[in-house]
Every structure is written in C-alpha cells, then in structure tokens.
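Quantities reported herein were computed from a predicted structural model and do not represent experimental measurements.
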Amino acid sequence: MIRFQEFERLGVSAAACSDQSDGDCRVGEGCNNIENVRRFCTNFGIEVHQLVQIRQVHGNRVIRLRQNPAGGGAESGIRPLADADGLMTDVPGQALAVFVADCVPVFLYDPKRRVGGLLHAGRQGSYSNISGHAIETMASEFGSHPADVHALLGPSAGPCCYEVSPELAKAFAAKNLPVNGRYLDLWETNAQQLTAAGVPLKQIIVPRLCTICSGRFHSYRAHKTPARNMAVLVL
C-alpha cells in the first residue's frame with residue numbers, strides 16, 4: 001500500500017492505493033476478494049460497507065454522491081452505484097473507491113469547499129478529457145473554483161512503458177495530446193487537461209509511479225492477469 005501524505009495534508013482523511021502486497025482488490029463481476037479489501041480498509045479505520053464505487057466503463061461521466069447509498073459496500077461485495085468513471089462528494093467521512101491496473105487514479109480535493117473526487121482515467125477516459133470534465137462538475141455541483149483544486153495522479157502506466165497501436169497514437173496526436181512515437185503519456189495528458197480547466201500546475205502532484213515497470217503494483221500489461229489495485233479517497 002502507498003499513502004499519499006502530501007495529499008492527506010490538504011485535509012482529506014486518507015488518499016491511498018493498494019499494491020501487490022495487499023493482494024487482488026478486484027470485486028464484482030463474479031470475483032470477490034472482499035477479505036483483501038477489508039484488510040486494506042483497516043489501514044484507514046473504515047469498514048467495507050463505507051466504500052462506494054461505480055461501474056467503470058471507460059468514459060468521462062462523473063457523478064455526485066450526496067450520501068452513502070444503502071448497500072453501497074455490502075458485505076457480499078461492493079455493489080457499483082452507476083455506470084461512470086468518477087465520483088465526487090462533500091459528505092464528511094465518505095470513502096470513494098476506483099479499481100485500476102494501468103489506468104490512472106486521479107485524486108481531486110478542494111480544501112476550501114471540502115469537496116473530494118476520485119477518477120478512473122484510462123486511455124479512453126483521458127482521450128475524452130475526464131479530468132477537465134471533473135473540474136467542471138466540481139464547479140457546477142459544489143461551487144468550487146478550479147484555482148482552489150488540488151490533484152494527484154496515482155500509480156498507472158507511465159510514458160516509459162505505455163505503448164499502443166499506431167492508430168491510437170495517431171488519434172492522441174491529432175488532439176495534441178502528448179505522445180512519443182507509440183508511447184502515450186497519460187500523466188501529462190491529465191495534467192494538461194487539469195491546467196486547461198484552471199487547476200494551477202503547482203497544485204498537481206505526479207509521483208510518477210509506473211505500474212508496468214515498477215514491479216510493485218498489479219498491471220494488466222505486465223502480468224496479464226485481471227488483478228486490480230484499489231485507489232481510495234476518504235473525505
């Protein structure tokens with residue numbers, strides 16, 4: 001597990017991502033690693049039923065969570081709230097979760113409005129500007145000013161390793177998104193989208209942790225397994 005203390009110092013209770021030492025934290029779709037998830041949650045003093053997730057569909061929809069839905073984190077498995085790739089809330093103590101294994105977990109927090117968000121930004125979500133859309137959602141739903149928002153781009157496929165098809169690389173390049181040959185840079189892509197939406201560059205943290213080559217995290221590309229890391233933001 002890795003905890004992002006630089007983000008927690010902003011005022012959130014926890015910002016973290018599991019790694020291989022925590023086991024496979026994938027749940028749903030016929031897979032239930034609830035004991036791994038339970039053990040991971042004890043690091044933050046929360047219970048499984050407090051976690052809320054979405055059914056990740058590689059889009060750019062971000063939804064507002066007004067309160068913990070009934071059964072949001074049932075003991076039999078964490079039931080997804082809706083088809084989306086981002087969650088936001090201003091409910092104190094609320095725990096948000098996304099599952100990744102090369103896609104970027106994007107942590108967002110506005111310390112003035114006390115609003116937190118967690119995004120699943122894969123290549124399709126990044127291509128569709130999910131980070132920029134999330135900042136717009138924070139403004140429209142909570143009155144956040146982009147200049148007050150802080151972001152952190154968690155462990156994911158880095159520009160050192162994320163090679164894609166010539167067609168996909170060309171599509172990214174056509175949108176002026178950062179590409180080096182056939183290697184995508186999802187960190188820089190999301191950072192650029194955040195700054196374009198008004199988030200100051202100095203408020204974007206990029207630990208540069210590559211899931212493919214670091215050997216620390218679950219990676220679909222590196223390991224060819226469906227195991228997932230779980231990113232959690234507790235307001």
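The two residues Asp83 and Arg61 come nearest to each other via the heavy atoms O-NH1, 2.9 Å. Between Arg26 and Asn33, the closest heavy-atom pair is O-ND2, 2.7 Å. Minimum interatomic distance between Gly93 and Gln50 (heavy atoms only, all atoms of both residues): O-NE2, 4.3 Å. Minimum interatomic distance between Gly86 and Ile54 (heavy atoms only, all atoms of both residues): N-CD1, 4.0 Å. Of all non-hydrogen atoms in Ala231 and Phe107, the two that sit nearest each other are CB-CZ, 3.9 Å. Across all their heavy atoms, Asn190 and Ala121 have their closest contact at OD1-CB, 3.7 Å.
To the nearest 0.5 Å, the span separating CG on Leu233 from SG on Cys17 amounts to 12.0 Å. The line from CD1 of Ile46 to CZ of Phe40 is 8.5 Å long, rounded to the nearest 0.5 Å. Asn180 CG to Cys160 SG: the interatomic distance, rounded to the nearest 0.5 Å, is 11.0 Å. The line from CD of Gln193 to OH of Tyr127 is 11.5 Å long, rounded to the nearest 0.5 Å. Distance CG/Leu118 to CG/Asp85: 11.0 Å, rounded to 0.5 Å. Atom OH of Tyr183 and atom SG of Cys161 lie 7.5 Å apart (nearest 0.5 Å).
Around NZ of Lys202, the count of heavy atoms belonging to other residues, nucleotides or ligands within 6.0 Å does not exceed 12. Crowding of Phe44 atom CZ: a count of heavy atoms from other residues, nucleotides or ligands under 6.0 Å exceeding 12. In this structure, Arg114 places its CZ atom where only 12 or fewer heavy-atom neighbours from other residues, nucleotides or ligands lie under 6.0 Å away.
Distance alone, capped at 3.5 Å, places no donor-acceptor pair between the Arg66 side chain and the Arg64 backbone. Between the side chain of Glu8 and the backbone N or O of Ala15 there is at least one donor-acceptor pair closer than 3.5 Å. Under the 3.5 Å distance criterion, the side-chain polar atoms of Gln192 are left unmatched by any main-chain donor or acceptor of Leu177. In this structure, Thr89 contributes its side chain and Leu65 its backbone to a donor-acceptor pair below 3.5 Å. Under the 3.5 Å distance criterion, the side-chain polar atoms of Ser128 are left unmatched by any main-chain donor or acceptor of Gly59. With hydrogens and angles ignored, the 3.5 Å screen pairs no side-chain donor or acceptor of Arg221 with any backbone N or O of Tyr162. Without hydrogens or angle criteria, Asp185 side chain to Val179 main chain gives no donor-acceptor distance under 3.5 Å. Side chain of Gln94 to backbone of Leu51: no donor-acceptor contact under 3.5 angstrom is found. Counting only distance, with no hydrogens or angles, the side chain of Thr195 and the backbone of Pro200 share no donor-acceptor pair below 3.5 Å. For the pair Asn229 (side chain) and His218 (backbone), a donor-acceptor distance under 3.5 Å is present.
Both Val199 and Val115 belong to a single network of hydrophobic side chains, linked directly or stepwise wherever heavy atoms of I, L, V, M, F, W or Y lie under 4.5 Å apart. Phe172 and Ile130 end up in the same hydrophobic cluster when Ile, Leu, Val, Met, Phe, Trp and Tyr side chains are linked at under 4.5 Å. Met1 is connected to Val232 through a chain of hydrophobic side-chain contacts under 4.5 Å among Ile, Leu, Val, Met, Phe, Trp and Tyr, so both are in one cluster. Note on Leu194: it clusters hydrophobically with Leu186, by side-chain heavy-atom contacts below 4.5 Å among ILVMFWY residues. Met138 and Ile204 fall within a single hydrophobic cluster, where Ile, Leu, Val, Met, Phe, Trp and Tyr side chains are chained together by heavy-atom contacts under 4.5 Å.
Looking only at side-chain heavy atoms (C-beta outward), Arg113 and Asp148 stay at 4.5 Å or farther from each other. Residues Met230 and Asp22 are not in side-chain contact: their nearest non-hydrogen atoms beyond the backbone lie 4.5 Å or more apart. Taking 4.5 Å as the limit, some side-chain heavy atom of Ile63 sits within range of a side-chain heavy atom of Leu87. Taking 4.5 Å as the limit, every side-chain heavy atom of Cys41 sits out of range of all side-chain heavy atoms of Glu47. For the pair Cys210/Trp187, a side-chain contact is recorded, criterion being any heavy-atom separation below 4.5 Å from C-beta on. Within the 4.5 Å cutoff, the side chain of His145 has no heavy atoms near those of the Lys112 side chain. Looking at heavy atoms from C-beta onward, Phe217 lies out of side-chain contact with Val100 at the 4.5 angstrom threshold. Residues Pro155 and Pro105 are in side-chain contact: their nearest non-hydrogen atoms beyond the backbone lie under 4.5 Å apart.
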Might you work through the side-chain hydrogen bond (donor to acceptor under 3.5 Å, both in side chains) test for Asp102 and Ser219, ending with a clear yes or no?
CA-CA 6 Å; Asp102 292 331; Ser219 166; 2.8 Å; yes
Run the side chain to side chain contact (heavy atoms under 4.5 Å, CB included) test on Ile2 and Arg216 for me, step by step, so that the C-alpha distance in whole Å, both residues' side-chain angles and the decisive distance to 0.1 Å come before the verdict.
CA-CA 10 Å; Ile2 180 170; Arg216 178 174 180 178; 3.6 Å; yes
Leu10 and Val12: CA distance, side-chain angles, deciding distance, side chain to side chain contact (heavy atoms under 4.5 Å, CB included) verdict
CA-CA 6 Å; Leu10 296 171; Val12 299; 5.7 Å; no
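Between His58 and His120, the ring-plane angle classifies as perpendicular under the 30° and 60° cut-offs.
Side-chain polar atoms of Ser144 and Asp110 form a donor-acceptor pair below 3.5 angstrom.
We find that Arg38 and Glu35 are joined by a salt bridge, their nearest charged nitrogen and carboxylate oxygen being less than 4.0 Å apart.
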